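Step one of this worksheet: look at the structure below.
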Amino acid sequence: MVKYILKRLGMAVVTIWLVATLTFFLMNMVPGGPFLSEKAVSPKALAALEEKYGLDKPLFEQYLTYIKGAIHGDFGDSLKQRGRTVMSIISSKFPVSARIGGLSVLLAFSLGVPLGCISALNRGKIGDNIIIVIATCGIAVPSFVICTLLMYTFGVKLGWLPTLGLKTWKHYIMPVAALAFYPTAYITRLMRSSMLDVLGQDYMRTARAKGLNQFVSLFKHALRNAILPIVTYLGPLIAYTVTGSFIVEKIFTIPGLGGEFISSITNRDYTIIMGTTIFLATLVILMNVVVDIVYKLVDPRINLK
Amino acid sequence: MSKKISTAYSDPAPVYVPVDADFRLKDNAGEIAIDTNFASQNFWKDVLVRFFRKGGAVFGLIMIVVITLFAIIGPGMNEYTYSGQELSQKNLAPRVPGLENLGIFDGSETMRTTTGSMKVNNYEDKGLTDTYYWFGSDNFGRDIWTRTWSGARVSLIIAVAAALIDMIIGMSYGLISGYFGGKTDMVMQRILEIANGVPRLVIVTLLLLVLKPGMLTIIFALMLTEWVGMSRIARAEMLKLKEQEFVLASRTLGAGSFFIIFREVLPNIIGPIITQVMFSIPTAIFTEAFLSFVGLGIPVPQCSLGSLISEGFNSFTTHPFQIIPPIIVMALLMLSFNLVADGLREALDPKMKEM
């Protein structure tokens, strides 16, 4: 077990390093320097700026400094938001994204698992068909569409919910719903197929044969086994909520990390792009490792190799 | 022979003469399931039969064909071009000849303010009696009908090209990794794990920051995203097949590794691969739309569904008709590809558990 965890962690570190390196060199390949703007900048000022940010040094030296800083959580200063470090921006924006993401993951779980069970237990009946159709739409329809539809119906036409910002609990409803839409649909389908799989197993027949009532056999025997694949989906789900939040946060103008990433791209704020990329990648990679380890702990049938 | 037995074991009873009624089916309230026994069918014929039995898949296929057709002929169906601007005719609501007499699509729209709403018809106000914008016109007076379909064309080209290139890369990677096994497999799988750990949308976005935006660069960036899933499937299939007799036979006959991989095994796993391609097309459409939304997509005046949505979004509280066509086309397109992929997966492998 320890060996497995160490191996996974080692792999994660390599991946994170690779992402950081890739990001650094990609950002250095972007045509036009970071200080290029509409206003003419005098060569002297440019030189001073470059010296301040260490851009006059050879590329490899810059890279070493950057990586060394990144290990200590220092991604440099923002180029466009004067006087703020990248880390301070990330640490002020991340909690907002985490709250929205966490709520939508919670929503997706608490809706998707029961819906999937209901669908599996009523296989082939009308309820099952309705759930499957909705879930298919949920997987296929892109988040732009969901966001726009929600915003138009509840925000503009009916005027029930506020559309912009994040002040009261009412502001949370639409973004969380929009972000939870896809994972809910996915979990429903995953839960349905894994429940159907479990219901056909021999131990379920044994449980019924020995006279367990439906309720106990369902909750103690079926659900516990059927929910395992959902645990593996946690990793991709977190990656999804991270990237999915780009669009949702941008559309609902939520001051989170996803929205920050997009506006830093539009503003060409390179240090923030680099910082957020590495931060998000690290988050996703580490979460995947944790999920993998949890999965092996939960299911003793998986051999540790 | 049978005569002999019957005389030996049974009494010489009167021979039973069957009557007509013996050959009629006993009525059991229509519960008889009549077995349809086919002669062993061609595999692909079988797949087609199973595929067309699924309503959703057929619907998806029809929608894809219809949208593709419109993407081809749609932009040429009226006199406007996708980039032609007519600033005096901006933000006109949809108006369709014929339908306008029924009171819908007559070019009027409801304007809303805090004090109330009123219906205005910009065509009448501007004296444009003979002008028809079927889907309306946008902020710059461009025809939304033409732009929607040429956008659909661009999105489809990008998605299909990216998915096909993904298929070639991912498939070769997976097949080679699975076939050679051992150290090769180990190294290739470690590389794959690392590539899989990188959040793709982020890296694609970074790549497009560096490259000059355009159709080819978007295809290139998308190419790097989906091949991981494809190579996993190809590898799994290869591991299933490579111990089988036909591979051994081919090797005994002196076939080289690459001949076995691409000429012997590949034709046998083409089903799951096609399914995966169908699944990766909607992903590519979505990623392209995301890039346009961030402002890294197709450069203006060209358009894709994504760029149309992000343009329409800016004015969607005042002129919602501008965002509706691209959004419907995109949603239908993604839904249809998913439905077809689902149908194909079940048709190709009926034993597989439902998902």
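As the structure is a prediction and not an experimental result, all values here were calculated from the model. Numbered from 1 within each chain, the chains take letters A, B, ... in sequence-line order.
In this structure, OG1 in A/Thr148 is found 3.5 Å from CD1 in B/Ile327, a value given to the nearest 0.5 Å. Taken from OG in A/Ser143 to CZ in B/Phe290, the straight-line distance is 9.0 Å, to the nearest 0.5 Å. Here B/Phe279 contributes atom CZ and A/Ile139 contributes atom CD1; the two are 8.5 Å apart, rounded to the nearest 0.5 Å.
If you tally non-hydrogen atom pairs under 4.5 Å between each of A/Ile132, A/Ile16, A/Thr136, A/Ile251 and chain B, the highest count goes to A/Ile251. Counting heavy-atom pairs closer than 4.5 Å to chain B, the top residue among A/Leu18, A/Val145, A/Leu22, A/Val141 is A/Val145. The residue among A/Val133, A/Leu149, A/Leu26 with the most heavy atom pairs within less than 4.5 Å of chain B is A/Leu26.
In this view, A/Leu283 and A/Phe94, A/Val242 satisfy the side-chain contact (heavy atoms from CB on, under 4.5 Å) rule, not counting sequence neighbours. Remark: B/Ser292 engages B/Glu288, B/Ser304 in a side-chain hydrogen bond (donor to acceptor under 3.5 Å, both in side chains) (not counting sequence neighbours).
The minimum heavy-atom distance linking B/Ala331 with A/Pro142 is given by the pair CA-CD, 4.2 Å.
Taking a 6.0 Å sphere around OH of A/Tyr63, one finds it holds more than 12 heavy atoms contributed by other residues, nucleotides or ligands. By the neighbour-count criterion of 12 heavy atoms within 6.0 Å, atom CE of A/Met11 is densely surrounded, having more than that number from other residues, nucleotides or ligands. Heavy-atom contacts from other residues, nucleotides or ligands closer than 6.0 Å to CG of A/Leu6 number more than 12.
A/Ile247 has its side chain within reach of B/Phe286: a pair of non-hydrogen atoms, C-beta onward, lies under 4.5 Å apart.
For the side-chain contact (heavy atoms from CB on, under 4.5 Å) with B/Leu206, the lone residue among A/Thr277, A/Val19, A/Ile265 that qualifies is A/Thr277.
The contact between B/Leu339 and chain A is made entirely by side chain atoms (from C-beta outward), counting heavy-atom distances below 4.5 Å. With a threshold of 4.5 angstrom between heavy atoms, A/Ser263 does not approach chain B through any atom at all. Neither the backbone nor the side chain of A/Thr276 comes within less than 4.5 Å of any heavy atom in chain B. The part of B/Thr205 that comes within reach of chain A is its side chain, from C-beta onward, which places non-hydrogen atoms under 4.5 angstrom from that chain. In this structure, the portion of B/Leu296 lying under 4.5 Å from any heavy atom of chain A is its side chain and not its backbone.
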